[in-house]
Amino acid sequence: MIRRFIQYYRPYRELFCLDFSCAVAAAILELCFPLTVSYIVDKLVPTENWVLILIACTALVGVYIVNTGLKAVVNFWGEKLGMYIETDLRIELYDHLQKLSFRFFDNRKTGHLVSRISNDLLDVGNMAHYGPEHFFIAVATLLGAMVLMFQANWGLALVMSLLVAVLLGLNIYFTRAMTASRGRLFKTIGGFVSRLEDGIGGIRVVQSFANEEHQKKLFIADNHRFCTAKVEGFKHIAKNEAATYLLMSLLPVVALLGGSWFSIQGEMTNGDLFSFILLSNVMLAPIRMLAAFSVRFPNGLAGFKRFVELMDIEPEIKDAPDATAVTVVRGDICYEDVTFGYDRNQRVLKQINLCIRAGETVAFVGPSGAGKTTLCSLLPRFYEPDAGRITIDGTDIRSMTLHSLRRQIGVVQQEVFLFGGTIRENIQFGKLGATESEVWEAAKRAQLDTFICAQPDGLDTLIGERGVKLSGGQKQRLSIARMFLKNPPILILDEATSSLDTLTEAAIQQSLAELSKDRTTLIIAHRLATVRTADRIVVLTEQGISEQGSHEELLLRDGDYRRLHQAQAV
Ligand code: ADP
Ligand code: MG
């Protein structure tokens, strides 16, 4: 796991080396100060040579200035390095998620995935920010200080080491307790953020049910939980601060006390006494650093593990090694013995055989849940058949690259998903980089131009989150305009007009008819009136395709279609 993490440092090798060298230099310089002080006190002061003392002190200031610079570099470049790595991880994860198949997303909550990308990686970033450099500085400084102390007086050094060990242990203990409470805090944050999302995202439902009071109560409860968790965290912080402050203040006092005693015994020079006290001060910062590291490291590693878990999920549907990009597609489609189920034990489609000629318009009708949507979603390979195969122009779709296959197929659904931007951006989604005139042309063919012209901002009109400022019909027209731009040879219209009123539906049927001209079109429709003109109607039931033919042919038969038709005629 750690080895895999180190890989992410690779692109920034130079940056890391620079950062690390600065860290080493800073650790060494940190120890220079006590040594110089001891030298001045023991060697220079007795000579009463002012000039030398002045020079030594100036040198000391120089060392401090250099060290300040080094620390600034480590702090800034270290953070930068961490941020770069965090960003790389985030982009890689997003890129990977985009490749995963529908089935993966069917079983996940969007919110959780979003939080994986936005929050989880923060822990990893923290580990990378304060990772090896800080750890090294801390350990090197501590060890260096110890060595110097043992050289000066090993008896006192031993006492000091014990004290340092206790301090370190306590610090780690408290920091861990603090982090545990931070974990609980994060959970409560998650709770109240998702409540907020629900409450504000669903404000229209809340207000229409006049359930504001109820929502408020839920929110208050979440908030109290959050508040309690936060207060508990503060308690830990206060405890930790108090305990470490006390112990840390003791360190120099012990050094002073022990040093004075050894001094009086004549076993220690004044300079050593000074340097002992200063060294005990130098050790305080690394102790804090190590305590912080003892928490950041496991947290970061845990975050990285969760990252790796997601990264290691293979897309269920991906390009075959020898897949080729299809360019021109005529649009002959054949389902051959296609069997499929969302889970293995429950087949939705059983041995479907169906051929659709290029340019033909085929309508699928039948009871809800029969598998019409499923049948169509196998074509762009949103899901993979368990058995059988599907061909386009005689070529198995599994031998085409996913990208090129999906460029050939346009899907217009009942639920239009629009992005919260402008009309232009949403139409251009059909063909990124489409020119102004192309966008207008598409809008015109979708009969959206009069609406756009009536808006003060024209194409730049903001349509609100998911297009809330548009009517159902306008949303559907927008999605049709976007499809005109995409211009795919194969079209799937999945209940595209089912949620619209009959007048709007009739108007949009015209645009859809225009859209499906010269394209192989698969229409799924709930209202039979909208599919009468299809070249062929296929009746799909849970048992499979029960009958097919033109509207007139099917009406003559005493079959499912006639029964469906009669049921709707009433
Ligand atoms: P239709 O479009 O004919 O109404 P669908 O193709 O949407 O029917 O659904 C067929 C069956 O598959 C239904 O029983 C439905 O519950 C199930 N189903 C649809 N989508 C999924 C999915 N993403 N995961 C699991 N089961 C699904
Ligand atoms: Mg459906």
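Along the sequence shown, the residues carry numbers beginning at 1. Everything quoted here is computed from the prediction, not taken from an experiment.
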Student: I need the L462 CG to T422 OG1 distance, nearest 0.5 Å.
Tutor: 6.5 Å
Student: How many angstroms lie between atom CG of N426 and atom OG1 of T461, to the nearest 0.5 angstrom?
Tutor: 11.5 Å
Student: Report, as yes or no, whether the 6.0 Å neighbourhood of atom CZ on F451 holds more than 12 heavy atoms from other residues, nucleotides or ligands.
Tutor: yes
Student: Where do I317 and E384 come nearest, in terms of heavy atoms and distance?
Tutor: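 So the minimum-distance heavy-atom pair works out to CD1-N, 3.7 Å.
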Student: Which heavy-atom pair separates A446 from R477 by the least distance, and what is that distance?
Tutor: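 Minimum heavy-atom contact is O-NH1, 3.1 Å.
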Student: Quick check, are the ring centers of Y342 and Y383 under 6.0 angstrom apart?
Tutor: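 Aromatic pair counts; centres sit under 6.0 Å.
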Student: Please say whether more than 12 non-hydrogen atoms of neighbouring residues, nucleotides or ligands are located less than 6.0 Å from NE2 in H551.
Tutor: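 Result for NE2/H551: enclosed.
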Student: Applying the side-chain contact (heavy atoms from CB on, under 4.5 Å) test to E86, which of N126, L122, D123, V124 qualifies?
Tutor: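 Looking at N126, L122, D123, V124, the match for E86 under the side-chain contact (heavy atoms from CB on, under 4.5 Å) is L122.
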Student: Can you find a pair of side-chain heavy atoms, one from I524 and one from C376, that are under 4.5 Å apart?
Tutor: yes
Student: Rounded to the nearest 0.5 Å, what separates atom NZ in K486 from atom CD1 in I427?
Tutor: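 It comes to 16.0 Å.
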Student: Below 6.0 angstrom between ring centroids: does that apply to Y12 and F16?
Tutor: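 Not close enough - the centres of the two rings lie 6.0 Å or further apart.
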Student: Over all heavy atoms of both residues, which pair between A442 and A481 is shortest? Give the atoms and the distance, please.
Tutor: CB-O, 3.4 Å
Student: Applying side-chain contact (heavy atoms from CB on, under 4.5 Å) between L375 and each of V538, V348, I352, report the one that passes.
Tutor: I352
Student: Does the side chain of R381 reach to within under 4.5 Å of the side chain of R398, using non-hydrogen atoms?
Tutor: yes
Student: Just wondering, do L93 and L310 contact through their side chains at under 4.5 Å, heavy atoms?
Tutor: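 L310 vs L93: side chains touch.
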Student: Hey, does L478 have a side-chain heavy atom less than 4.5 Å from the side chain of L418?
Tutor: yes
Student: Rounded to the nearest 0.5 Å, how far apart are OG1 of T361 and CG of L493?
Tutor: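 Between atom OG1 of T361 and atom CG of L493 there are 8.5 Å.
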Student: Decide yes or no on side chain to side chain contact (heavy atoms under 4.5 Å, CB included) for F5 and M127, but give the supporting numbers first.
Tutor: CA-CA 11 Å; F5 182 65; M127 169 168 79; 3.8 Å; yes
Student: Which heavy atom in L379 sits nearest to a heavy atom in I397, and how many Å separate them?
Tutor: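 The pair with the smallest heavy-atom distance is O-CD1, 3.5 Å.
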Student: Is R424 salt-bridged to E436, cutoff N-O under 4.0 Å?
Tutor: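 E436 and R424: salt-bridged.
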Student: Would V416 and R466 count as a side chain to side chain contact (heavy atoms under 4.5 Å, CB included) here? Give the steps.
Tutor: CA-CA 9 Å; V416 181; R466 302 205 172 164; over 6 Å; no
Student: Are the side chains of Q428 and V439 in contact, using a 4.5 Å heavy-atom criterion?
Tutor: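 A side-chain contact under 4.5 Å exists here.
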Student: Determine which pairs satisfy side-chain hydrogen bond (donor to acceptor under 3.5 Å, both in side chains) with at least one residue from residues 205-215, sequence neighbours left out, and list them in order.
Tutor: none
Student: Can you check whether R90 reaches Y94 side chain to side chain, under 4.5 Å on heavy atoms?
Tutor: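 No, too far: nothing below the 4.5 Å cut-off.
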Student: R10 side chain to I6 main-chain N or O, any donor-acceptor pair under 3.5 Å?
Tutor: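 It does not hold such a pair.
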Student: CG of L246 to CG of L167: how many Å apart, nearest 0.5 Å?
Tutor: 9.5 Å
Student: If you define the side chain from C-beta out and look only at heavy atoms, does anything of F484 sit under 4.5 Å from E514?
Tutor: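 Contact flag for F484/E514 side chains = yes.
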Student: Could you walk me through whether I490 and R519 pass side chain to side chain contact (heavy atoms under 4.5 Å, CB included), step by step?
Tutor: CA-CA 5 Å; I490 297 171; R519 299 177 214 270; over 6 Å; no
Student: Can you list every pair that meets ring-ring contact (aromatic ring centres under 6.0 Å, His included) and has a residue in residues 408-440, with sequence neighbours left out?
Tutor: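 Applying ring-ring contact (aromatic ring centres under 6.0 Å, His included) to every pair that reaches into residues 408-440, excluding sequence neighbours, yields F417-F419, F419-F429.
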Student: Using the salt bridge (charged side-chain N to carboxylate O under 4.0 Å, His left out) rule, take D222 and K217 through it: C-alpha gap first, then chi angles, then the decisive distance, then the call.
Tutor: CA-CA 9 Å; D222 287 325; K217 273 191 199 128; over 6 Å; no
Student: When you measure from the side chain of Q476 to the backbone N and O of A496, does any donor-acceptor pair fall under 3.5 Å?
Tutor: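 Side chain of Q476 to backbone of A496, a donor-acceptor pair under 3.5 Å: yes, one is there.
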Student: For the pair R347 and D386, find out whether any cationic side-chain nitrogen is under 4.0 Å from an anionic carboxylate oxygen.
Tutor: yes
Student: With a 3.5 Å distance limit and no angle check, can you tell me whether E438 reaches the backbone of T435 through a side-chain donor-acceptor pair?
Tutor: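 Confirmed, E438 side chain pairs with T435 backbone.
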Student: Taking atom NZ of K80 as the centre, report whether more than 12 heavy atoms of other residues, nucleotides or ligands fall under 6.0 Å from it.
Tutor: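 It does: K80 NZ has more than 12 such atoms within range.
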Student: So, the side chain of T541 versus the backbone of Q543: is there a donor-acceptor pair under 3.5 Å, distance only?
Tutor: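 Yes.
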Student: With distance as the sole criterion, is a donor-acceptor pair present between the side chains of E505 and T502 under 3.5 Å?
Tutor: no
Student: Look only at the side chain of S377 and the backbone of T373, and say whether a donor-acceptor pair between them is shorter than 3.5 Å.
Tutor: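 Judged by distance alone, yes, a pair lies under 3.5 Å.
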Student: How many angstroms lie between NE2 in H526 and CG in L528, if you round to the nearest 0.5 Å?
Tutor: 8.5 Å
Student: Would you check if D19 and L15 make a side-chain contact, meaning some heavy-atom pair closer than 4.5 Å?
Tutor: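 Answer no - side chains too far apart.
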Student: Hey, is the main chain of V365 close enough, under 3.5 Å, to the side chain of K372 for a donor-acceptor pair?
Tutor: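 Not at all, since once roles are kept as given, no pair shorter than 3.5 Å links the two residues.
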Student: Is there a side chain to side chain contact (heavy atoms under 4.5 Å, CB included) between I2 and R4 once you walk through the steps?
Tutor: CA-CA 5 Å; I2 292 177; R4 189 153 164 189; over 6 Å; no
Student: Taking the side chain from K431 and the backbone from M483, do they hold a donor-acceptor pair closer than 3.5 Å?
Tutor: no
Student: Donor-acceptor pair, distance only, cut-off 3.5 Å: does the side chain of H96 make one with the backbone of P315?
Tutor: no
Student: What closest approach, in Å, do I463 and I423 show between heavy atoms, and which atom pair accounts for it?
Tutor: CG2-CG1, 3.6 Å
Student: Does one side chain, of T401 or S404, offer a donor that lies under 3.5 Å from an acceptor on the other?
Tutor: yes
Student: Which pair of heavy atoms, one from T521 and one from S516, lies closest together, and at what distance?
Tutor: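 Minimum heavy-atom separation between T521 and S516: OG1-CB, 3.1 Å.
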Student: Report, as yes or no, whether the 6.0 Å neighbourhood of atom CD on E316 holds more than 12 heavy atoms from other residues, nucleotides or ligands.
Tutor: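 It does: E316 CD has more than 12 such atoms within range.
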Student: Under a 3.5 Å distance rule, please check whether S101 uses its side chain to pair with a backbone N or O of F104 as donor and acceptor.
Tutor: no
Student: Can you check whether P380's main-chain N or O pairs, donor with acceptor, with R406's side chain at less than 3.5 Å?
Tutor: yes
Student: With a cut-off of 6.0 Å (strictly less than), are more than 12 heavy atoms of other residues, nucleotides or ligands near CD of Q98?
Tutor: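 Count over threshold, so yes.
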Student: In terms of heavy-atom contacts, does CD of E415 have more than 12 from other residues, nucleotides or ligands at under 6.0 Å?
Tutor: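 No - once you tally the heavy atoms of other residues, nucleotides and ligands closer than 6.0 Å, there are 12 at most.
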